[in-house]
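The chains referred to below are lettered A, B, ... by the order of the sequence lines, with proteins before strands, and numbering in each begins at 1.
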There are 2 protein chains.
Amino acid sequence: MGISERKEREKQDMIKLILDEAMKLFIEEGYENVTMRKIADRIEYSATTIYLYFKDKSEIFYSLLKIAFDKFYESQLSVQNIPDPKERLMAHGLVYIKFAMNNPNYYELMFILDDPVTKMNCPEDWQTSTRTYDLLKKNIQECMDAGCIEKADIEVVAFGLWSLVHGIATLMIKRGFMVPEPFREYLIYNSIQYIFSGVIMK
Amino acid sequence: MGISERKEREKQDMIKLILDEAMKLFIEEGYENVTMRKIADRIEYSATTIYLYFKDKSEIFYSLLKIAFDKFYESQLSVQNIPDPKERLMAHGLVYIKFAMNNPNYYELMFILDDPVTKMNCPEDWQTSTRTYDLLKKNIQECMDAGCIEKADIEVVAFGLWSLVHGIATLMIKRGFMVPEPFREYLIYNSIQYIFSGVIMK
DNA sequence: TTGACAAACTTAACAATGTTAAGTATATTT
DNA sequence: AAATATACTTAACATTGTTAAGTTTGTCAA
């Protein structure tokens, strides 16, 4: 009988509907400003219905977390065709920050907010997130192999460069208003440029 | 007559009482977990009394913000007696991160949370916060003068180095659990070391 | 086809939050 | 001593996430 299949399909449709509307709201308004009742309004069901498909609010946004990491990974790939490893590494950093500033709510979800991340328990959950980090390490390794940058523990270098771009991203997202607009791009590009050209050997 | 003076004194005492208890709660539990009623319990007044002394919750923590920035500045000073400019700059970075990790709730208040910062309107408010940044710029300038690091727009270099340590700090505070404990200190120290020794000229 | 049962969904409600309005003591002034 | 201003409290509101209880709808066996 196809009834249970249909039911399963309907259930998946409902989950997708909730996630889609939650995502739209979230991108526009951010985690704290998305309420269960707002989502309920959008999907045209009562708020409690959502609890039949998700344990609680953070579980909804834990699902969105995976989508965010996928989009994030996708954006990083765009840089992988650059042949010169040191140019690629620099572009990698820039595209990282660009993603963060174009998708501040995604970025907050992935790297700042506590709530939905607590749902990440199984190690395979991290795989989506570590994919991008592996990409960075790969690019660093190729720079080392090509003699562009000083050889060292790759974990150390990756963490350092990640911290740099993460720092720029979070400062711009959270305290960007401190920097007058036409100056922001200048600061971002040149500070990365300065530090990278220190790390990269002549 | 001394009545109005006494009243003014009592008012200031009350403000101090509220701030003291709010601060204690805040350091232990963080902004979101401090409620008006919890503060009220501690000071042994009703919750609404607090509103006679502060406009709203964020204004209380805006007051704490200044205290946090003062403590922050104080901690940075400890490094200013190091004679060698490049060693001083490196130590500056390390002490920055140390403060952030020892006072994660202060740090969040200063550089991550949105709410209390919105109360900062007058330009003199920023002075407490820019003091530390000026200190960094001074140290960078001395490094340039001594020929330790490549000459460039000081705003660019300061922003880059700040982003680096801010990135490390926020990653450790917000996603530190991803890094196994004995590995954290190693990552922090060596990644800073690596990037600094790139920036610093041999 | 109908009656029992399960699944899907809603309404009502709870406790906690920040915050406001109205009321009550207490202190000051005239 | 009466009038008034000050300090504080109680009650309440709207909003939040979430749970419990009730209702409707769909499915299946007789």
Response to the item:
note: Glu32(A), atom CD; dG18(C), atom P; distance rounded to Å ~ 13 Å
Worksheet item: Can you check the Leu52(A) CG to dA21(D) C1' distance for me, whole Å?
Response: 14 Å
Worksheet entry | Under 3.5 Å donor-acceptor, Arg184(A) side chain and Val179(A) backbone | yes
Worksheet item: Which residue, Glu10(B) or Ala47(B), contacts DNA chain D at a nucleotide closer to its 5' end, judged by nearest heavy atom?
Response: Glu10(B)
Worksheet item: Salt bridge between Glu5(B) and Arg9(B), side-chain N to carboxylate O under 4.0 Å?
Response: no
Worksheet item: How large an angle, rounded to 10°, do the end axes of the helix from dT1(C)-dA30(D) to dT30(C)-dA1(D) enclose when each is built from five base pairs?
Response: 30°
Worksheet item: Atom OH of Tyr51(B) to atom P of dG18(C): distance rounded to whole Å?
Response: 6 Å
Worksheet item: Ser46(B) or Lys7(B): which one's nearest nucleotide on DNA chain D is closer to the 5' end?
Response: Lys7(B)
Worksheet entry | Residue from Tyr133(B), Tyr106(B), Trp162(B) passing ring-ring contact (aromatic ring centres under 6.0 Å, His included) with Phe111(B) | Trp162(B)
Worksheet item: At under 4.0 Å, does any side-chain N or O of Thr49(B) touch on OP1 or OP2 of dC8(D)?
Response: no
Practice prompt. May I have the distance from Lys55(B) (atom NZ) to dG18(C) (atom C1'), rounded to whole angstrom?
Written response: 12 Å
Discussion item. Whole angstroms only, please: what is the CE-C1' distance between Met14(B) and dT26(C)?
Written reply: 14 Å
Worksheet item: Quick one: which of dT9(D), dT10(C), dG17(D) gets closest to the side chain of Tyr45(A)?
Response: dT10(C)
Item to complete: Write out all pairs satisfying ring-ring contact (aromatic ring centres under 6.0 Å, His included) with one or both partners inside residues 28-47 of chain B, taking only residues at least two apart or from two chains.
Response: Tyr31(B)-Phe61(B)
Fill in: Nucleotide dT17(C), atom P - distance to CG of Asp41(B) in whole Å
10 Å
Worksheet item: Out of dG17(D), dC8(D), dG18(C), which has the shortest distance to the side chain of Met36(B)?
Response: dG18(C)
Practice prompt. Step by step, work out the side chain to side chain donor-acceptor pair (under 3.5 Å) result for Glu155(B) and Asn190(A).
Written response: CA-CA 10 Å; Glu155(B) 294 294 338; Asn190(A) 287 286; over 6 Å; no
Worksheet item: Which nucleotide in the set dT18(D), dA11(D), dC9(C) lies at the smallest distance from any side-chain heavy atom of Arg37(A)?
Response: dT18(D)
Discussion item. Heavy atoms from C-beta onward define the side chain here; which of dG18(C), dA21(C), dG17(D) lies closest to that of Lys57(A)?
Written reply: dG17(D)
Fill in: For atom CD1 of Ile39(A) and atom C1' of dT18(D), their distance in whole Å
14 Å
Worksheet entry | hbond_proxy Thr48(B) side chain to dT19(C) base (donor-acceptor, 3.5 Å cutoff) | no
Discussion item. Whole angstroms only, please: what is the CD-C1' distance between Glu8(A) and dA8(C)?
Written reply: 15 Å
Discussion item. I'd like to know whether Tyr107(A) forms a side chain to side chain donor-acceptor pair (under 3.5 Å) with Tyr96(A), so could you lay out the CA-CA distance, the side-chain angles of the two residues, the decisive distance to 0.1 Å, and finally the verdict.
Written reply: CA-CA 10 Å; Tyr107(A) 196 82; Tyr96(A) 181 106; 2.6 Å; yes
Item to complete: Using only side-chain N and O atoms of Tyr53(B), determine if any of them is under 4.0 Å from OP1 or OP2 of dC8(D).
Response: yes
Worksheet item: Looking at Thr49(A) and Met14(A), what are the two nearest heavy atoms and their distance?
Response: CG2-CE, 3.7 Å
